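Below: the structure, in structure tokens.
Since we're looking at a predicted model, the values are computed, not measured. Residue numbers start from 1 in every chain, and the chains themselves are labelled A, B, ... in the order their sequence lines are given, proteins ahead of strands.
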Amino acid sequence: MKEKKKRTVFIDGPVTPAFIADAIQQHSIKTDIGAHSIFLGQVRSDIINKQEVVAIEYSAYREMAEDKFHEIREDAFRDFSLTCMHLYHSLGSVKSGEISLFVFVSAPHRQDAIKACELLVERIKKEVPVWGKEIFANNHYQWKKNT
Amino acid sequence: MKEKKKRTVFIDGPVTPAFIADAIQQHSIKTDIGAHSIFLGQVRSDIINKQEVVAIEYSAYREMAEDKFHEIREDAFRDFSLTCMHLYHSLGSVKSGEISLFVFVSAPHRQDAIKACELLVERIKKEVPVWGKEIFANNHYQWKKNT
Amino acid sequence: MDISVLTFGQIADITGGGSLTISNINDTDELMRQLNVLFPPMQSLRYSIAVNQKIIRENTTLKKADTVALLPPFSGG
Amino acid sequence: MDISVLTFGQIADITGGGSLTISNINDTDELMRQLNVLFPPMQSLRYSIAVNQKIIRENTTLKKADTVALLPPFSGG
């Protein structure tokens, strides 16, 4: 049941709660799954120099990013006992309060799902060529820095 | 913004994807959130002595369980920087492929959300007086054992 | 003294319901001895005892208003 | 040799667009020297260089068909 095909990770604009619900629903037929671990990255309206972040505009080195997502995915399937894994990242504008990253890992047992999900999030942040441009209310911007 | 009031954790029957989507949607107004970590426990159709598990029927020592959920919740708020936390556990019958546990932790930063969620799941499994009765296709049953 | 006892999971199956009354006991060790006599399958079961919703680790004196519960290993989630 | 170079994030802001062509270079060290002359703000920027989508750690000889990309620190998620 392992899904290893290369798939498109990027979606235009935010990840919606309805999209997430649909992804969860589709797993009810996979009755060997005992645990789902989900990570959602939400755009925070940080205040920087008295200006509020109202959105992040994401861009990517798309070909390299897709390859890197694929590699990270393969590594997780190799290192954990997983049933399936879905990764989605926004491109373009995502408003504060909206979701820009959706990592969804399913496994027979919880430890595999939880550990794989955590590792995936760390690797995505560190290794995938995606950039966020923090847009302020006055239309100024700065390039986001990951911690 | 910390929510510390005692709330009802138990819901009748499965946690639906629509319920999860609604819970996520309600957090879009909390723009200090940067990360959600979600755990979902799904009923697995294990084969035991050639009989397939078709559902789990959950029961609880409800008063003690609510107290324990409350204690686990308070501990997580004390030990991590969280914006909010929602815990839901099914009572009654949940079919295989359906969801019986929904742990939802939101924080400004991912490490708090991820670590708190993982700890909550472990503590819920170990410390909360809930029992699952695995129902087989032939209506026989056995009491579930957590690993 | 009569004590009412809540039972759950596999123990409720053995005792035939969610609650029962055990007579002439003053502490949890006496309760366990009575249970083993009344319900022999209990002898081979692993379970915890909660008094007023707190799990006790050693013999505990019971008062009339105490809530005693027999808890087989938890299997939620 | 002319090499076309893809730029992203803050670097694309500095160079004025997503791609540019740098002339008379044979390796990535020469590329960086040229960039520093053409775009002085680049001198103070931290960035990685990818050749054919692999990040290189030391000076790398370039061939005409190579895809070179300048990558400021990633900030996805």
Side-chain angles (χ1 to χ4, degrees), chain A residues 14-47 52-56 83 95-111 113-115 117-122 124-125 146-147, chain B residues 14-47 52-56 83 95-111 113-115 117-122 124-125 146-147:
Chain A
V15 178
T16 65
F19 182 90
I20 297 163
D22 190 51
I24 295 167
Q25 181 60 59
Q26 286 178 27
H27 289 73
S28 66
I29 54 165
K30 298 197 176 183
T31 56
D32 55 339
I33 293 174
H36 304 288
S37 186
I38 294 173
F39 180 85
L40 304 175
Q42 180 166 304
V43 172
R44 218 170 40 228
S45 61
D46 285 343
I47 308 292
E52 188 181 346
V53 173
V54 295
I56 294 181
T83 310
K95 295 194 193 71
S96 69
E98 292 182 329
I99 291 163
S100 59
L101 174 62
F102 174 25
V103 176
F104 184 13
V105 185
S106 308
H109 300 286
R110 71 183 178 280
Q111 282 304 338
I114 289 171
K115 291 297 174 201
C117 185
E118 181 178 0
L119 190 67
L120 284 162
V121 173
E122 293 306 315
I124 289 167
K125 294 251 179 191
N146 273 2
T147 49
Chain B
V15 178
T16 64
F19 182 89
I20 296 163
D22 191 50
I24 295 168
Q25 180 62 60
Q26 285 177 29
H27 289 72
S28 65
I29 54 164
K30 298 196 176 182
T31 56
D32 55 339
I33 293 173
H36 304 289
S37 186
I38 295 173
F39 179 85
L40 304 174
Q42 180 166 305
V43 172
R44 219 172 39 231
S45 61
D46 285 342
I47 309 292
E52 187 180 348
V53 173
V54 295
I56 294 181
T83 310
K95 296 194 192 72
S96 69
E98 292 182 330
I99 291 164
S100 59
L101 174 62
F102 175 25
V103 176
F104 184 12
V105 184
S106 308
H109 299 286
R110 70 182 180 282
Q111 282 305 336
I114 289 171
K115 291 298 173 200
C117 185
E118 180 177 1
L119 191 67
L120 284 161
V121 172
E122 292 308 314
I124 290 167
K125 293 250 180 193
N146 274 2
T147 50

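- Salt-bridge annotation for B:Glu118 and A:Arg110: absent, with no side-chain N of the basic residue lying under 4.0 Å from a carboxylate O of the acidic one.
- Contacts between B:Lys95 and chain A at a heavy-atom distance below 4.5 Å are absent for every atom of the residue.
- Across all their heavy atoms, B:Gln42 and A:Lys30 have their closest contact at NE2-O, 3.4 Å.
- Using a 4.5 Å cut-off between heavy atoms, B:Ile20 touches chain A through its side chain atoms alone.
- If you measure heavy-atom distances from A:Lys125 to chain B, the contacts under 4.5 Å come from the side chain alone.
- In this structure, A:Leu40 CG and B:Phe104 CZ are separated by 7.0 Å, a value rounded to the nearest 0.5 Å.
- Heavy atoms closer than 4.5 Å to chain A are found nowhere in B:Leu101, neither backbone nor side chain.
- Distance check, rounded to the nearest 0.5 Å: OG1 of A:Thr31 to CD1 of B:Ile47 gives 8.0 Å.
- For A:Ile114, the part sitting under 4.5 Å from any heavy atom of chain B is the side chain, from C-beta outward, and nothing else.
- Chain A forms more heavy-atom pairs under 4.5 Å with one residue of B:Ser96, B:Gly97, B:Ser37, B:Gly41 than with any other, namely B:Gly97.
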* **Stepwise side chain to side chain contact (heavy atoms under 4.5 Å, CB included) check, B:Ile24 with A:Ile99** => CA-CA 10 Å; B:Ile24 295 168; A:Ile99 291 163; 3.6 Å; yes

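- Highest contact tally toward chain A, considering only B:His109, B:Lys115, B:Glu122, is held by B:Glu122 [criterion: heavy-atom pairs under 4.5 Å].
- Residue A:Pro17 comes nearest to B:Gln25 through the heavy atom pair CG-OE1, 3.2 Å, listed as atom of the first residue, atom of the second, then distance.
- In this structure, the side-chain contact (heavy atoms from CB on, under 4.5 Å) partners of B:Gln26, at least two apart in sequence or on a different chain, are B:Asp22.
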